[in-house]
Amino acid sequence: MHWMHIRQGRAHRSFCALIWIATGLYLFLRLGGPESLLSWQALIYFVVGMLAASLVLGSFGAWAHKVLVQALLIALRPPGDASLGLIRVVGLAVLVAEAAIVYQAALWAFGQNWGR
């Protein structure tokens, strides 16, 4: 099971980085135009924010996913098709929550630095 948790952690961290990039592209293009992507503010926003979102939020999401799956596996004995379906739903719920949290964090970071 250890290798699976390592893969899940990478997936959660990559997902958070992608959400940060997509949100940043939307905000910079919508509010500043294409030339705003070539500024040093955009470089700082993307590099620092992507690392922070990946390491902090992605790692927390992977941990939450691992804890919830382990709790469900203990609670739903014997494992069957219904429990596997529930585990998949919980995994999707964690990804949706991660996307919402990263999106809000990106909006906050953009608003703090550029006040838009």
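Quick note: residue numbers are just sequence positions, from 1. Side chains are part of it too, since the values below use all heavy atoms of this structure and drop only hydrogens, waters and symmetry mates.
With hydrogens and angles disregarded, no donor-acceptor distance shorter than 3.5 Å links the side chain of Ser54 to the backbone of Leu51. Proximity of a side-chain donor or acceptor of Ser14 to a complementary backbone N or O of Ala11 within less than 3.5 Å is not detected.
To the nearest 0.5 Å, atoms CG (Leu107) and OH (Tyr26) are separated by 9.0 Å. If you take CD1 on Ile19 and CD on Gln104, they are separated by 12.5 Å, rounding to the nearest 0.5 Å. Distance CE/Met50 to CG/Leu18: 9.0 Å, rounded to 0.5 Å. Tyr45 OH to Thr23 OG1: the interatomic distance, rounded to the nearest 0.5 Å, is 6.0 Å.
Two residues are said to be in side-chain contact when any heavy atoms from C-beta on lie closer than 4.5 Å; Leu31 and Phe110 meet this criterion.
The two residues Ala42 and Leu37 come nearest to each other via the heavy atoms CB-O, 3.7 Å. Heavy-atom minimum distance, Leu27 versus Ala106: CD1-O, 4.2 Å. Phe15 and Glu98 make their closest contact through CD2-OE1, 3.6 Å (heavy atoms, listed as atom of the first residue, atom of the second, distance).
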Please lay out, stage by stage, how Phe46 and Trp20 fare under the test ring pair (Phe, Tyr, Trp, His ring centres under 6.0 Å).
CA-CA 8 Å; Phe46 283 109; Trp20 188 273; 8.3 Å; no
Just do the side-chain contact (heavy atoms from CB on, under 4.5 Å) check on Ile87 and Leu73 with the steps written out, would you?
CA-CA 8 Å; Ile87 288 171; Leu73 286 175; 3.6 Å; yes
Check the pair Leu95, His12 against side-chain contact (heavy atoms from CB on, under 4.5 Å), reporting the backbone distance first and the verdict last.
CA-CA 8 Å; Leu95 284 178; His12 283 276; 3.9 Å; yes
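Taking Ile, Leu, Val, Met, Phe, Trp and Tyr as hydrophobic and joining them when side-chain heavy atoms fall under 4.5 Å apart, one finds Val67 in a cluster with Phe60, Trp63.
Applying the side chain to side chain donor-acceptor pair (under 3.5 Å) test to Tyr103 and every residue at least two apart in sequence or in another chain returns nothing.
Residues Val89 and Val96 do not share a hydrophobic cluster, clusters being chains of Ile/Leu/Val/Met/Phe/Trp/Tyr side chains in contact below 4.5 Å.
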